[in-house]
2 protein chains.
Amino acid sequence: MPSRAPRDTQDRILDVAERLLQVRGFNGFSYADIASELRIRNASIHHHFPTKADLGVRLLARYRESFAHSLETIERAGGDARRKLRQYARLYANVVREKNRMCLCGMLASDLGTLPRPMRTGVKGFFDDNEAWLGRVLEEGRKSGVLRFGGSARAHARLVLSSLEGAMLVARSYEDVSRFESVAERLLEDLEARS
Amino acid sequence: MPSRAPRDTQDRILDVAERLLQVRGFNGFSYADIASELRIRNASIHHHFPTKADLGVRLLARYRESFAHSLETIERAGGDARRKLRQYARLYANVVREKNRMCLCGMLASDLGTLPRPMRTGVKGFFDDNEAWLGRVLEEGRKSGVLRFGGSARAHARLVLSSLEGAMLVARSYEDVSRFESVAERLLEDLEARS
DNA sequence: GTCTATAAGATGATAGAC
DNA sequence: GTCTATCATCTTATAGAC
């Protein structure tokens, strides 16, 4: 179990930078913001992450791995597809709840036009991961009869992913998590087989 | 009918700034970007829009009015709720198609944490407008039997708005309009009453 | 209304001492 | 690994001539 206590400087930089990125966007924070919060100097951050692109690439990789780990945890917990989808939606709800953050990759998607080249592929990779996982869960749910939807599982996975990302984006504008939750609830209810 | 020819400087500034904002975000463009594109000087822009916040407020108001006008046009064209929703979705598709733009307010929603105070309320206002309109159309469609959905019309309006905003956000990452269109298609098909 | 000139501050980044 | 010092550049913004 990871401790609550601060680990090495590199991790503390990543933690602060991650939050700043999720709240303010990639162009909305600077090395100075991180430095002042950690009470270190600007140059120290450059020692660990020479360029902002380096920092961004590391943040992206870490977030993607962390999310993949969460998906594995949901899988291992078992239960039917309905349950998995609800836990998946809760993952997103927790992000919004935590200081009104946006999904890191949703935020980067909006910043895409100004992103350093090496970061762009990572954003798509994250969405690909999520679509693939959702596609499998949806297919499983349809086969077992607990979910109902038209079209291919993969196409519906895209709808679910888009809807949740959009729900985060809009809910954040109102600083109201419950707005996210009510949209997620409608989305899932429509999927769950009635009758 | 508005002509294609450039009008006064103020409007040309707004047109360029709008595109830059929709592609790069509010923190992703500068007065210098606008100036070089219009081949005028930085100071000329400040003459028309003293601060960037002023420019942002005007862009927001203009976009909101323009969108409201589009909604009225859809209303006047008549037809059933299905048709109105499809035209509404096409509004969004056209934005993405045009140089891979994001909805101006969706973009501002992601920038919200760094936005000048006077701009924040405008973003919510845009979403409120859209939710209200969608709510009316959904209700009308359910009453006339061409649409089917659970829960309140207003709650479903939030789902539709969130899904379309999210679909734009994700589709932009792939620079692929068809990705937006397929998600919108699934969303609408699920709404349309199957006998 | 547009220009030149200029300012004050932020930003990403590097060199080199400790 | 962290610091001080310094950098070129960008960004928003203003003063004042034309």
Side-chain angles (χ1 to χ4, degrees), chain A residues 5-60 107-108 110-120 122, chain B residues 5-60 107-108 110-120 122:
Chain A
R7 290 132 299 154
D8 61 0
T9 305
Q10 224 179 102
D11 286 332
R12 291 195 295 154
I13 291 169
L14 287 172
D15 288 344
V16 171
E18 183 180 75
R19 177 173 42 74
L20 286 170
L21 173 49
Q22 290 185 259
V23 172
R24 303 171 61 89
F26 193 69
N27 299 311
F29 76 96
S30 69
Y31 275 39
D33 294 323
I34 307 171
S36 80
E37 195 159 331
L38 291 178
R39 312 240 240 163
I40 59 179
R41 295 294 163 179
N42 212 305
S44 302
I45 306 177
H46 278 287
H47 171 72
H48 296 284
F49 305 97
T51 71
K52 203 180 177 184
D54 293 325
L55 176 60
V57 166
R58 282 290 307 277
L59 285 172
L60 198 38
M107 187 58 94
L108 290 180
S110 78
D111 292 331
L112 209 80
T114 63
L115 244 39
R117 288 270 164 213
M119 293 182 67
R120 300 198 192 182
Chain B
R7 290 131 301 154
D8 61 0
T9 304
Q10 223 179 102
D11 285 332
R12 291 195 294 155
I13 291 169
L14 287 172
D15 288 343
V16 171
E18 184 180 74
R19 177 173 42 75
L20 287 169
L21 172 48
Q22 289 185 260
V23 172
R24 304 172 60 89
F26 193 70
N27 299 311
F29 76 96
S30 70
Y31 274 38
D33 295 322
I34 307 170
S36 80
E37 196 159 328
L38 291 179
R39 313 240 240 165
I40 57 178
R41 295 295 163 177
N42 212 308
S44 301
I45 305 176
H46 279 287
H47 170 73
H48 295 284
F49 305 98
T51 72
K52 203 179 177 184
D54 292 326
L55 176 60
V57 166
R58 281 290 305 277
L59 284 172
L60 198 38
M107 187 58 94
L108 290 179
S110 76
D111 292 331
L112 209 79
T114 63
L115 244 39
R117 286 273 164 209
M119 293 182 68
R120 302 200 191 180

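Letters A, B, ... are given to chains in the order of the sequence lines, protein chains preceding strands, and every chain is numbered from 1. Here the structure is a predicted model, which means the values were calculated and not measured.
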> C:dC3 phosphate, OP1 or OP2: any side-chain N/O from B:S44 under 4.0 angstrom?
Replying inline: yes
> Within this structure, what is the CG-to-C1' distance between A:D33 and C:dG9, rounded to whole angstrom?
Replying inline: 14 Å
> What closest approach, in Å, do A:N27 and A:K52 show between heavy atoms, and which atom pair accounts for it?
Replying inline: CA-NZ, 4.3 Å
>> What is the separation between atom CZ on B:F26 and atom C1' on D:dT11, rounded to the nearest whole Å?
In response: 12 Å
> What string of B, S and - do you get for nucleotides 13-18 of chain D, 5' to 3', when a contact is any protein heavy atom under 4.0 Å?
Replying inline: BB----
>> Would you say A:T51 and A:D54 are linked by a side-chain donor-acceptor pair, where the criterion is simply a distance under 3.5 Å?
In response: yes
> How many Å lie between CZ on A:F29 and C1' on C:dA10, as a whole number?
Replying inline: 15 Å
> Can a side chain N or O of B:S30 be found less than 4.0 Å away from OP1 or OP2 on D:dC10?
Replying inline: no
> Roughly, in whole Å, what's the span from CZ in A:R41 to P in C:dT11?
Replying inline: 15 Å
> Does a side-chain N or O from A:H47 land closer than 4.0 Å to OP1 or OP2 of D:dG1, or not?
Replying inline: yes
>> Please tell me if A:T9 has a side-chain N or O lying less than 4.0 Å from either OP1 or OP2 of D:dG1.
In response: no
> Looking at C:dT11, C:dC3, D:dT2, which one has an atom nearest to any side-chain atom of A:A32?
Replying inline: C:dT11
> Would you say B:R19 has more than 12 foreign heavy atoms packed within less than 6.0 Å of its CZ?
Replying inline: yes
